[in-house]
Amino acid sequence: MRSASWILAAAVSTSVAHAATLDDVCTTSYAQAALPADDFYRGITIDPSSVVVAPVRNASVSDEVWYPDAVFDYCDVTFAYSHTGRNDRVLVRYWLPTPGKFQNRYLSTGGGGYAINSGNSSLPGGIIYGAAAGMTDGGFGSFDTQFDAVWLLANGTANWESLFMFGYQGIHELSVLGKQFTRQFFNMTENDKLYSYYQGCSEGGREGWSQVQRFADQWDGAVTGAPAFRFSFQQIQHLYSNVVTQTLDYYPPQCELKKIVNETIAACDPLDGRTDGVVARSDLCKLHFNTTSLVGKPYHCAASPASSTPFPSPATPEQNGTVTAEGVKIANEIIQGLRDSKGRQVYFSYQPAASFSDALTQYDSTTDSWGLYVNSFGAEFVTRYLELVNASTLPNLDGVTYDTLKDWIYEGWQRYEDTLHTTWPDLTAFQEAGGKVLHLHGESDSSIPTASSIRYHESVRSVMYPKLSFNDSSAALADWYRLFIVPGAEHCSTNSLQPNAPWPQTTLQTLIDWVEKGVAPGTLNGTILQGENAGQSQSICAWPLRPYWTDNGTTLECQYDQASIDSWIYDLDAFKLPVY
Ligand SMILES: *[C@@H]1O[C@H](CO)[C@@H](O)[C@H](O)[C@H]1NC(C)=O
Ligand SMILES: *[C@@H]1O[C@H](CO)[C@@H](O)[C@H](O)[C@H]1NC(C)=O
Ligand SMILES: *[C@@H]1O[C@H](CO)[C@@H](O)[C@H](O)[C@H]1NC(C)=O
Ligand SMILES: *[C@@H]1O[C@H](CO)[C@@H](O)[C@H](O)[C@H]1NC(C)=O
Ligand SMILES: *[C@@H]1O[C@H](CO)[C@@H](O)[C@H](O)[C@H]1NC(C)=O
Ligand SMILES: *[C@@H]1O[C@H](CO)[C@@H](O)[C@H](O)[C@H]1NC(C)=O
Ligand SMILES: *[C@@H]1O[C@H](CO)[C@@H](O)[C@H](O)[C@H]1NC(C)=O
Ligand SMILES: *[C@@H]1O[C@H](CO)[C@@H](O)[C@H](O)[C@H]1NC(C)=O
Ligand SMILES: *[C@@H]1O[C@H](CO)[C@@H](O)[C@H](O)[C@H]1NC(C)=O
Ligand SMILES: *[C@@H]1O[C@H](CO)[C@@H](O)[C@H](O)[C@H]1NC(C)=O
Ligand SMILES: *[C@@H]1O[C@H](CO)[C@@H](O)[C@H](O)[C@H]1NC(C)=O
Ligand SMILES: [Ca+2]
């Protein structure tokens with residue numbers, strides 16, 4: 001006994017001498033020594049005195065949609081760099097796993113809205129998979145400062161450098177520096193493989209595509225969720241619902257549209273073969289459900305205060321009424337998408353069963369009536385990014401027609417084609433470098449139309465494989481780029497109106513298995529994350545296949561359905577140029 005325990009103790013102390021602990025490496029001097037060298041990135045100078053380091057233990061995360069619950073340790077490192085010749089300062093933050101947990105992986109993360117990062121909230125998604133995880137402030141002044149706060153130097157004067165940093169360069173620099181820092185921090189040799197990943201949703205999804213499209217050989221894989229790409233289309237379509245109410249001159253009480261959504265969910269739920277409160281086939285809903293049947297349904301909503309999340313919305317009084325023919329017409333016009341005065345399709349909109357988040361109206365208590373509310377995303381794009389004035393709201397939409405929206409889209413498309421548009425469809429270099437993409441989008445997204453992701457996937461397919469049939473090109477593309485439409489899901493998250501819908505919480509793990517082990521995901525690993533069925537797993541089908549429950553709602557199949565596929569694809573004939 002005695003000698004055996006002595007041997008054990010000796011073995012432990014030997015291994016401790018070799019394996020670095022968090023305390024060994026999570027120091028300022030160690031991090032400074034691991035910084036990329038001065039000539040590593042031409043034009044960039046890192047300030048070693050800016051390095052701030054702190055070990056963090058037993059950090060815990062729970063109820064997140066992009067990674068499972070976890071408790072972990074990490075080393076928090078921030079440092080600043082500047083671009084030679086420009087008097088700027090860009091701050092980056094990296095979380096590094098405990099040396100024993102590092103698995104030769106690096107992850108870049110992005111932001112949402114006009115933010116280039118998501119605070120600290122995306123970084124655990126790397127740490128728990130043994131990856132160093134990074135984010136940037138884009139040079140905007142602090143991790144909390146958004147691009148829209150620095151984009152104008154004065155009315156009429158744009159800060160073009162900030163646009164390029166936001167568009168793609170900020171995440172690129174974060175990634176190139178972060179990979180080298182990670183290598184040196186963990187004593188990797190030139191021959192050691194460091195797997196490089198990206199994960200982000202919404203603006204973060206756009207940022208992911210900005211990297212895949214431009215810096216092809218920098219990535220082993222990317223998870224891109226509901227990307228805010230085709231930027232001017234995306235931002236201006238936020239105003240479309242408001243212009244519909246103005247054009248049809250009917251401002252529905254908010255409760256009326258909420259009722260239409262609830263009834264649409266109830267009516268279209270069974271069309272996917274299973275009555276579970278989830279509209280897994282909004283395409284069948286679009287093809288077979290007519291909202292006209294809802295006229296006369298009574299609705300009731302309690303009063304509610306103004307709120308800023310998930311979208312800014314005004315206060316509302318108690319509402320009692322019945323669904324009107326005008327209300328149904330508004331809903332149908334929104335779902336059909338923006339067309340110009342000649343009837344040509346300009347853009348598309350949300351799927352039926354998605355909330356009408358953009359179509360909010362505003363209650364006026366003095367006249368006891370409902371009126372126009374102007375969506376803040378759309379308004380800010382017009383003021384700050386088209387007119388170049390320092391304002392984020394529009395007082396009204398006087399004189400604004402469907403044709404005005406088209407003109408705004410076109411102006412923004414031209415101005416931001418090389419920075420924010422982000423739909424370059426030729427991904428040859430990325431494919432040849434062996435990269436993989438998992439792209440996903442909620443089917444009931446009420447902030448970025450689901451059809452937007454399908455359009456880009458189809459653009460890449462047809463540009464990359466022009467001579468192959470639909471099926472053959474879809475299969476060829478699926479070797480390295482797969483799109484998953486998540487039934488019932490909202491914008492980058494679960495949906496309180498469809499609590500039984502699955503969500504793919506472990507998509508980065510799925511990507512890692514594809515990249516590192518060659519396990520191509522036929523379906524995504526979905527889990528119900530809320531409500532009475534929380535914890536149940538449910539596969540998510542890969543586009544162009546669509547989910548359908550057979551055997552009386554017990555067996556999920558991923559089926560090919562031409563009419564459904566066609567319903568997702570729009571001929572944007574209002575424009576002479578192709579809209580990828
Ligand atoms: C972290 O958790 C472990 C296990 O629960 C515990 O032993 C340790 O003391 C904790 N460390 C800190 C710094 O809280
Ligand atoms: C992010 O995490 C670091 C520690 O890792 C902490 O110092 C910082 O305050 C956090 N930022 C926010 C916004 O929570
Ligand atoms: C824009 O307006 C805000 C206040 O709304 C002000 O803090 C900021 O300095 C202004 N920026 C410019 C460039 O005028
Ligand atoms: C890297 O090597 C140095 C020198 O041998 C050592 O002190 C340090 O702990 C090592 N770092 C890691 C993460 O193993
Ligand atoms: C819509 O359904 C949700 C529950 O899913 C409920 O909370 C809400 O009150 C309903 N709204 C209307 C207008 O019926
Ligand atoms: C819905 O039904 C109404 C009334 O029956 C009809 O006028 C309208 O054309 C239908 N709409 C669609 C899209 O089928
Ligand atoms: C609205 O209807 C509810 C019941 O559905 C009722 O309790 C309430 O008094 C009504 N409010 C108004 C203002 O009519
Ligand atoms: C810039 O334009 C905004 C919006 O028109 C206006 O409110 C603001 O006063 C202007 N700022 C200056 C400094 O003129
Ligand atoms: C394409 O593949 C599906 C099965 O995935 C099949 O049902 C369909 O007939 C094929 N289309 C053509 C034109 O071969
Ligand atoms: C599927 O996701 C669940 C929930 O996040 C997770 O617990 C499980 O490990 C995942 N399964 C696989 C095979 O990745
Ligand atoms: C089909 O499923 C429903 C709901 O789960 C159940 O009520 C019904 O009995 C089932 N029908 C058959 C034929 O199994
Ligand atoms: Ca269903």
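Not measured: the values here are computed from a predicted model. Every heavy atom of this structure was used, including side-chain atoms; hydrogens, water molecules and symmetry mates were not. When a ligand or atom number is given, it counts from 1 through the structure's own listing order.
Asp269 and Arg274 are not joined by a salt bridge, as no carboxylate oxygen comes within less than 4.0 angstrom of a charged side-chain nitrogen.
Residue-environment remark: CD (Gln562) exceeds the threshold of 12 foreign heavy atoms within 6.0 Å.
Atom-to-atom distance recorded for Tyr347:OH and Leu405:CG is 13.5 Å, nearest 0.5 angstrom.
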Give the table of side-chain donor-acceptor pairs shorter than 3.5 Å for residues 123-136, with sequence neighbours excluded, one pair per line with atom names and distance.
unit_1	atom_1	unit_2	atom_2	d
Thr136	OG1	Gly138	N	2.9

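When the salt bridge (charged side-chain N to carboxylate O under 4.0 Å, His left out) test is applied to Asp76, the partners found at least two apart in sequence or on another chain are Arg93.
Within the structure, side chain to side chain donor-acceptor pair (under 3.5 Å) contacts touching residues 537-546 (residues at least two apart or in different chains) are Asp283-Arg546, Glu443-Arg546, Glu458-Trp543.
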I'd like a table of the close N/O pairs between ligand 1 and the protein (anything under 3.5 Å), one pair per line with both atom names and the distance.
unit_1	atom_1	unit_2	atom_2	d
ligand 1	2 (O)	Asn58	OD1	3.1
ligand 1	2 (O)	Asn58	ND2	2.3
ligand 1	11 (N)	Asn58	ND2	2.9
ligand 1	14 (O)	Asn58	ND2	3.2

